[in-house]
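Notes follow the structure.
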There are 2 protein chains.
Amino acid sequence: MSPPRRTTLKDLARELGVSTATISNAFNRPDQLSPALRERILGEAKRLGYRGPDAKARSLRTGRSRIIAVVLAESLTYSINDPVASELLSGIAEVLDAHGHTLLLLSGRQHVSQVPGSASIADGFIAYGLMPPSLMVSADLPAQRPLVAIDFSPAGYPTVHIDNEPASYMIARYALRTPARRPALVSLRLTAEPCNGRITEEHTLLPPESSITRSRLAGFHRALEERGFTPSDAPMWNIEENTFEVCAPVLEEILDLPDDERPDLLLCMSDRIALTALTLAEQRGLRIPEDLRLTGFDGIAEGQYRAPRLTTVRQDSVEKGRIAARMILGLAPSESTLLPTTLIVGDTAP
Amino acid sequence: MSPPRRTTLKDLARELGVSTATISNAFNRPDQLSPALRERILGEAKRLGYRGPDAKARSLRTGRSRIIAVVLAESLTYSINDPVASELLSGIAEVLDAHGHTLLLLSGRQHVSQVPGSASIADGFIAYGLMPPSLMVSADLPAQRPLVAIDFSPAGYPTVHIDNEPASYMIARYALRTPARRPALVSLRLTAEPCNGRITEEHTLLPPESSITRSRLAGFHRALEERGFTPSDAPMWNIEENTFEVCAPVLEEILDLPDDERPDLLLCMSDRIALTALTLAEQRGLRIPEDLRLTGFDGIAEGQYRAPRLTTVRQDSVEKGRIAARMILGLAPSESTLLPTTLIVGDTAP
DNA sequence: CTGTTAGCGCTTTCAC
DNA sequence: GTGAAAGCGCTAACAG
């Protein structure tokens, strides 16, 4: 017996006694044949279980797949659970969906060189987060296909960015209007070597240009200096991964300092960090904001649908995703874009 | 001048004076040619900017793309922000990643018939959530490619499920050990017609077999009946979408009832619902658990990394995803699986 | 309006 | 160990 081969366009053509071109047209260019014939073809197709042109063959032939790849700097597992990355993906998905494209998720974190071969199927790439250097440098990915970067700036490609330094300056400045005696910073991924804990003289920091965390740090320091603090006055802690699990021990270390050493203002580089600090502080009976004031960064929903609400800077990550997606689809000019941020005054640093 | 055509395997072969088969072997079957030649080929490939076989052509030829599609019942925008769906995707991504596959995200919610043509590129499908009836019935998707369903049961396909009825019976029974005077249920997507608010006699519910919410309801009712309540004793509210924004108004309606009508026990069908209730209750100065006891469902991290911690049922969504992914990759036998759930006793219903 | 034809770029027997 | 050749299933000229 014959193998259970999938019905092809050619089978259908033979069956109906028309040419393959006509079948193809019936599916792709309705205006190229009589409605009656088209009806007949579509009907027969359904009867024979033919579901329309095969995507693999079609994409080989046309050169386009209607697939856009999103390359994430972190592992997928992490990215999907990070509220900021999620919002970003939402924005991307929204636009792609509306235009009949689909989303291929890739992690840039794995063996850098072997970004899966299946990637080359994509019509375009959106890259998010600081890529591993090798990937960045060689700009290995795009193989002359369009690429838009979000939150980092590989040379020669359009970027969607926020104004990190001014944004963190803005919130730090706001928080410092109320005098703080012991301000401290809790940063995300700031050191060259992985570190979960206090940053000391021993640590070297990531290079200033390549990392959004360095930009945010600069903003914090600018505001602190305006208030008469030197950078070394404000101790810094580093957190490698923006998850409850990783944040919690570092923040416990901070909150469990003796009363006269414990910071009274925590400038955090993400809402996740700030929210974890908030929870742990409440568990310890610290009063917010009397005993401890807190600021976040991102403006995620979780920080606002609670009491006390987080004081933070909002960046519109969904919109970042939308813009990148529009660029990649050619719906908007591919020019680097800087999105504004806004201060959200909540209850944790009124 | 010639168009800027992408380098192909054939170009490379011509350039090197070998056959295309040899180039192909250099990339795919190192044992089929001398190491020296392979080196030379790979070197020249890099020099000419050839990044290895084109995924579109390769997948047409081999019939496999190393892409697995995940079809989500809800919109991508929603799914990515839902903690349970996110965990699921994490589990799937973890396994696919480890085996060199990538993840294509599809939403089943859009025009049902037009699941994007690009879907047929996938080697297999993982479908999550109750599909729109038409999609379910015709099982239109798989086109004789493997399909694994999660949290619903299309006839003839393997499924990954949890024991919803016993799980909700378990938590309701636990919560009702402490006598409740006015228990109430807050359900997710239980009515045939969309409804955000109280469920009345007017509403028809979704059919029992097809929805996990009906199963959970059955568990709640079983526990209530053991305590001498009839189903009509416990008022029900319905929520269409598991987001803060949609949950909040419904829960406000409940919490703002006069003291002698306000429920003193809220059995919620998701942690998101319960957490939103918790926040709103705290804002209203209700004491938890003295004035109001609350249970959730899912066991998401957000509910445990806070105070008070949520009393809930934990389902391991990450593991659900892993199992489905293993099945689809043929790493595990494709047989329907029922995962266990566990009770988490937190502070909201001690 | 319909059919013929020439590949898209690659993998894979099967000879050599 | 290496090469020649036959398509995978489809689309887009082009000719009728």
Side-chain angles (χ1 to χ4, degrees), chain A residues 2-41 44-45 48-66 117-123 143-145, chain B residues 3-41 45 48-66 117-123 143-145:
Chain A
S2 68
R5 207 168 50 73
R6 191 156 145 7
T7 317
T8 73
L9 179 149
K10 203 192 243 167
D11 300 334
L12 195 53
R14 196 176 342 89
E15 195 77 17
L16 278 158
V18 300
S19 86
T20 60
T22 303
I23 308 285
S24 176
N25 284 334
F27 283 97
N28 300 318
R29 312 154 86 185
D31 53 313
Q32 295 296 299
L33 74 176
S34 67
L37 177 55
R38 187 171 128 92
E39 276 313 298
R40 195 159 74 88
I41 291 176
E44 190 71 357
L48 289 174
Y50 178 72
R51 297 164 192 298
D54 176 78
K56 298 195 253 292
R58 185 220 282 266
S59 67
L60 173 59
R61 179 60 235 233
T62 62
R64 305 193 323 102
S65 60
R66 311 206 122 230
S118 43
S120 70
I121 207 152
D123 293 340
Q144 51 237 45
R145 269 196 224 62
Chain B
R5 209 168 48 75
R6 193 155 142 13
T7 319
T8 73
L9 179 149
K10 202 192 246 168
D11 300 334
L12 194 53
R14 195 176 344 91
E15 195 77 18
L16 279 159
V18 299
S19 86
T20 60
T22 303
I23 309 286
S24 176
N25 284 335
F27 283 96
N28 301 318
R29 312 155 85 184
D31 52 314
Q32 295 295 300
L33 73 177
S34 66
L37 179 55
R38 188 172 127 91
E39 275 314 300
R40 196 159 73 88
I41 291 176
L48 289 174
Y50 178 73
R51 298 163 193 299
D54 176 79
K56 298 196 252 293
R58 185 219 283 265
S59 68
L60 173 59
R61 178 62 234 234
T62 62
R64 302 191 329 102
S65 60
R66 312 205 123 230
S118 41
S120 70
I121 208 151
D123 293 340
Q144 49 237 46
R145 270 196 222 63

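Chain A is the first sequence line, chain B the second, and so forth, proteins listed ahead of strands; every chain is numbered from 1. What you see below is based on every heavy atom in this structure, not just the backbone, and it leaves out hydrogens, waters and symmetry mates.
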Separation of dT2(D) P from Arg14(B) CZ (nearest whole Å): 20 Å

Taking only side-chain nitrogens and oxygens of Thr22(A), does any of them come within less than 4.0 Å of OP1 or OP2 of dG3(C)? yes

Just how far, in rounded Å, is P of dC8(D) from CG of Asp54(B)? 19 Å

Just how far, in rounded Å, is C1' of dC8(C) from NZ of Lys56(B)? 10 Å

May I ask you to say what Leu60(A) touches in the nucleic acid, namely base, sugar-phosphate or nothing, with a heavy-atom cut-off under 4.0 Å? base

Quick check: closest heavy atoms across Leu33(A) and Arg29(A), and the distance to 0.1 Å? CD2-O, 4.0 Å

Checking contacts here: which listed nucleotide (dT2(D), dG9(C), dG3(C)) is nearest the side-chain heavy atoms of Leu33(B)? dT2(D)

May I have the distance from Arg51(A) (atom CZ) to dC10(D) (atom P), rounded to whole angstrom? 13 Å

For Ile41(B) and dG3(D), what is the distance between atoms CD1 and C1' respectively, to the nearest whole Å? 12 Å

Would you kindly compare Ser19(B) and Arg61(A) by the position of their nearest DNA chain D nucleotide and give the one closer to the 5′ end? Ser19(B)

Closest-nucleotide mapping onto DNA chain D: is Ala21(A) or Ala57(B) further toward the 5' terminus? I mean the 5' end. Ala57(B)

What integer distance in Å separates Arg58(B):CZ from dC10(D):P? 21 Å

Any base atoms under 4.0 Å from Tyr50(B), or only sugar-phosphate, or nothing? Heavy atoms, all strands. sugar-phosphate

Identify whether any heavy atom of Leu37(B) sits under 4.0 Å from a base atom; if not, whether one sits that close to sugar-phosphate; answer base, sugar-phosphate or nothing. sugar-phosphate

Would you kindly give the CD1-to-C1' distance between Ile121(A) and dC10(C), to the nearest whole Å? 13 Å

Can you check the Arg40(A) CZ to dT2(C) C1' distance for me, whole Å? 13 Å

Check whether Ser65(A) reaches the backbone of Ile121(A) with its side chain - one donor and one acceptor, N or O, closer than 3.5 Å. yes

Look at the side chain of Arg58(B) and the backbone N and O of Pro53(B), then say whether any donor-acceptor pair between them is shorter than 3.5 Å. no

On a heavy-atom basis, the closest approach of Gly63(B) and Asp123(B) is O-OD1, 4.0 Å

Reckon Asn28(A) touches a base, only the sugar-phosphate, or nothing at all at heavy-atom distances under 4.0 Å? sugar-phosphate

Return the minimal non-hydrogen interatomic distance between Ala45(A) and Phe27(A), and the atom names on each side. CB-CZ, 4.0 Å

From the candidates dC10(C), dT2(D), dA12(D), the one with an atom nearest any side-chain atom of Thr62(A) is dA12(D)

